[in-house]
Amino acid sequence: MTVKQMIENKRFLEDNEVITTDTEGIYMRDFADTQVPRAFGFDNRTFTMNVYQYAHNPMELYKMNENQEHIRLEDYEAPYFEQALYKGIPMELRYNPTIRNLMMTGNFRIKYRGGSKPQYGFVRNQHNTLAEYADTFAIYPK
């Protein structure tokens, strides 16, 4: 499903509550719906695992958000003793042109931050979260 289709056909919960995030083009889904079977195998043995699959295309999201006003990353600088360069950046700024230009250099990586979302069936693993359920993100050097 493309981002355009997701925007046109906004997902609804059983009680008809619209599932959205602050990021234009990323819509939260029930976590059970995000799982797709994928086969893994080696040494003539194959097994199938359910793995998470994004429903959005990052390049389309960059294009949708290219008219956003450029942000000042200095407002989100991490303290000098931390590994992250910038932290606590709201998800609504994830596809901002400033972030895109920074990521296109290939010298940085993004880690998403946020709590569990039990209303969507997403229980956060302690060391990571998914973009779809994140509240903020941090930028680290590679």
Side-chain angles (χ1 to χ4, degrees), residues 1-15 17-43 45-142:
M1 180 177 265
T2 67
V3 172
K4 271 188 180 175
Q5 289 171 334
M6 288 189 73
I7 291 171
E8 291 169 7
N9 307 320
K10 289 185 179 179
R11 308 264 322 193
F12 288 88
L13 291 174
E14 290 175 10
D15 61 353
E17 177 187 337
V18 179
I19 305 172
T20 61
T21 64
D22 289 335
T23 305
E24 178 64 31
I26 297 180
Y27 297 96
M28 285 193 217
R29 302 169 286 166
D30 185 358
F31 188 67
D33 295 341
T34 67
Q35 304 296 299
V36 295
R38 183 163 295 153
F40 298 92
F42 55 93
D43 296 336
R45 289 178 278 166
T46 305
F47 62 95
T48 304
M49 267 178 41
N50 286 335
V51 296
Y52 174 79
Q53 181 173 355
Y54 281 110
H56 61 273
N57 179 348
M59 296 317 282
E60 286 182 23
L61 291 174
Y62 279 129
K63 190 167 185 86
M64 287 171 55
N65 290 285
E66 68 188 359
N67 294 329
Q68 279 187 4
E69 185 177 324
H70 287 265
I71 61 167
R72 290 177 35 98
L73 285 176
E74 293 80 23
D75 299 338
Y76 300 101
E77 281 186 352
Y80 71 94
F81 54 86
E82 292 199 22
Q83 294 283 329
L85 297 175
Y86 308 102
K87 60 188 275 188
I89 307 169
M91 279 302 290
E92 63 191 20
L93 301 176
R94 170 57 183 94
Y95 293 97
N96 187 284
T98 304
I99 303 294
R100 181 184 194 274
N101 293 339
L102 190 66
M103 297 311 293
M104 292 300 281
T105 64
N107 297 325
F108 304 96
R109 62 189 170 94
I110 288 183
K111 291 272 193 157
Y112 297 102
R113 305 288 187 230
S116 295
K117 305 284 189 284
Q119 66 270 33
Y120 305 116
F122 177 68
V123 178
R124 181 180 74 92
N125 194 341
Q126 187 170 357
H127 65 280
N128 64 14
T129 191
L130 303 170
E132 193 169 336
Y133 306 102
D135 300 320
T136 63
F137 67 97
I139 300 175
Y140 291 82
K142 277 190 175 179

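Every value quoted in this text rests on a predicted model; they were computed, and no experiment measured them.
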Between [X] and [Y], what is the shortest heavy-atom contact and its length?
X	Y	answer
Phe108	Lys142	O-CE, 3.5 Å
Met103	Arg109	CE-CA, 3.9 Å
Ala84	Ala78	O-CB, 3.2 Å

With rounding to the nearest 0.5 angstrom, report the [atom1] to [atom2] distance, [X] to [Y].
X	Y	atom1	atom2	result
Ile139	Ile89	CD1	CD1	4.0 Å
Phe122	Thr129	CZ	OG1	3.5 Å
Gln119	Tyr133	CD	OH	10.0 Å
Met91	Arg113	CE	CZ	12.0 Å

### Task
Could you please spell out the steps behind the side-chain contact (heavy atoms from CB on, under 4.5 Å) verdict for Asp135 and Lys117?
CA-CA 10 Å; Asp135 300 320; Lys117 305 284 189 284; 3.2 Å; yes
### Query
Would you find more than 12 non-hydrogen atoms of other residues, nucleotides or ligands less than 6.0 Å from Gln83 atom CD?
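At most 12 heavy atoms, drawn from other residues, nucleotides or ligands, come within 6.0 Å of this atom.
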How about [X] and [Y]: do any of their side-chain heavy atoms sit closer than 4.5 Å?
X	Y	answer
Ile110	Tyr112	yes
Ile71	Ile99	yes
Lys87	Thr136	no
Thr98	Leu93	no
Tyr95	Arg100	no

### Message
Given 3.5 Å as the limit, does a donor-acceptor pair link the side chain of Asn96 with the main chain of Glu69, or not?
### Response
yes
### Query
Can you name the residues that form a side chain to side chain contact (heavy atoms under 4.5 Å, CB included) with Ser116, not counting sequence neighbours?
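For Ser116 the side chain to side chain contact (heavy atoms under 4.5 Å, CB included) partners, ignoring immediate neighbours, are Pro118, Val123, Arg124.
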### Message
List the residues meeting ring-ring contact (aromatic ring centres under 6.0 Å, His included) with Tyr86, not counting sequence neighbours, and say none if there are none.
### Response
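Expected list: none.
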